[in-house]
**Student:** 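Have a look at this one.
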Amino acid sequence: MSANTTFRSDTGRSANAGDGRWVENGKKSAASRLRTPGRRRGVPYLLLGVLLVLVCVGAFVLISLRSGDRQPVLALARAVSVGQVLAAQDLRQVNVAVDPGVAVVPVDQAGTMLGRPMATSLSAGALLTPEAVGAAAVPAAGQGIAALALKPGQFPAEVSPGARVSVVFVPGPSGTATTAPSSGGVMWPAVVTSVNTQLNGQDTVVSVQLSETAARQVAAVPAGQVSVVLLSAGGS
């Protein structure tokens with residue numbers, strides 16, 4: 001009787017122990033299932049991090065390669081006007097990456113540029129090109145260049161070579177011309193080719209390129225009876 005009771009009691013404990021192990025294993029299995037999605041969600045972030053590293057490395061390599069393609073060329077240290085003889089102080093060296101189709105002047109060819117007249121007007125910082133030096137390229141066919149002797153207040157201080165302007169006739173005081181030239185015209189569109197301050201420091205000569213007819217009309221206007229209006233680059 002006692003043996004049977006002990007046997008059943010042991011069996012019960014074994015069953016209970018087995019149930020405990022099953023429950024414990026079940027909990028472990030459930031916890032494992034709960035942790036697995038977290039690991040899976042972390043994989044895309046890991047891949048994204050690797051991808052970002054690869055992109056950064058590729059960008060660095062590309063920039064390094066482009067930097068290695070830079071070459072020393074000539075640029076203008078200050079603004080120059082058409083017809084001006086190029087001097088050493090007008091030039092400076094810059095290192096740039098240049099496309100094969102862009103014409104530039106290498107630094108070692110500076111000697112072939114010095115002492116030659118400018119074929120066009122260029123602003124400071126512009127790259128020097130072979131076509132910019134030599135016989136004057138302006139005025140173009142059908143165009144003319146007129147020189148305007150202007151005083152402060154007759155032109156904006158921002159006027160510089162290449163700017164689009166409008167030359168406006170201004171009636172003079174009594175005893176001078178008060179009407180536009182007989183050939184007609186009170187306003188002429190033009191492009192500035194050069195700006196030069198005279199030695200007296202009072203007058204500034206602004207050379208402008210216009211059509212041949214307009215250039216003749218502007219040249220016929222008495223000194224002091226024109227003003228210059230600066231226009232936007234894309235204006236009409």
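What you see is a predicted model, and the numbers here were worked out from it, not measured in a lab.
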**Student:** Please check if the side chain of Gln154 supplies one atom and the backbone of Lys151 the other of a donor-acceptor pair under 3.5 Å.
**Tutor:** yes
**Student:** Taking Gln93 for the side chain and Leu74 for the main chain, is one N or O donor matched with an acceptor at less than 3.5 Å?
**Tutor:** no
**Student:** Could you tell me if the side chain of Val221 sits less than 4.5 Å from the side chain of Trp188, heavy atoms only?
**Tutor:**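 They are in side-chain contact.
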**Student:** So which pairs with a foot in residues 47-59 pass side-chain hydrogen bond (donor to acceptor under 3.5 Å, both in side chains), sequence neighbours left out?
**Tutor:** none
**Student:** Would a single hydrophobic cluster contain both Val96 and Val104, if residues Ile, Leu, Val, Met, Phe, Trp and Tyr are joined by side-chain heavy-atom contacts under 4.5 Å?
**Tutor:**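 Hydrophobic grouping puts Val104 with Val96.
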**Student:** For Ala146 versus Val218, what's the shortest heavy-atom pair and its separation?
**Tutor:** CB-CG1, 4.2 Å
**Student:** Side-chain contact, heavy-atom cut-off 4.5 Å: Met118 with Val133?
**Tutor:**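 Yes, at least one pair of side-chain atoms sits under 4.5 Å.
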**Student:** Could you pull out the closest heavy-atom pair between Ala132 and Leu128, with the gap in Å?
**Tutor:** CB-CD1, 4.2 Å
**Student:** Test your reading of the model: is there a side-chain donor-acceptor pair from Ser207 to the backbone of Ser194, 3.5 Å cut-off?
**Tutor:**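 It does not hold such a pair.
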**Student:** Which pair of heavy atoms, one from Leu114 and one from Ala87, lies closest together, and at what distance?
**Tutor:**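 Smallest heavy-atom distance, with atoms named: CD2-C, 3.5 Å.
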**Student:** Got Thr193 and Val191 here, is their nearest side-chain heavy-atom distance under 4.5 Å?
**Tutor:**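 Side chain of Thr193 against side chain of Val191, heavy atoms only: no contact under 4.5 Å found.
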**Student:** Grouping I, L, V, M, F, W and Y whenever their side-chain heavy atoms are under 4.5 Å apart, do Val168 and Leu231 come out in a common cluster?
**Tutor:** yes
**Student:** List the atom of Leu122, the atom of Leu127, and the distance in Å for their closest heavy-atom pair.
**Tutor:**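 Shortest heavy-atom contact: CD1-O, 4.4 Å.
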**Student:** Measure across Leu150 and Val226 and return the closest heavy-atom pair with its distance rounded to 0.1 Å.
**Tutor:** CD2-O, 3.6 Å
**Student:** Is the shortest side-chain heavy-atom distance between Leu86 and Leu76 below 4.5 Å?
**Tutor:**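 Result yes, sub-4.5 Å side-chain heavy-atom pair found.
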**Student:** Shortest non-hydrogen contact from Leu210 to Ala190?
**Tutor:** CG-CB, 3.6 Å
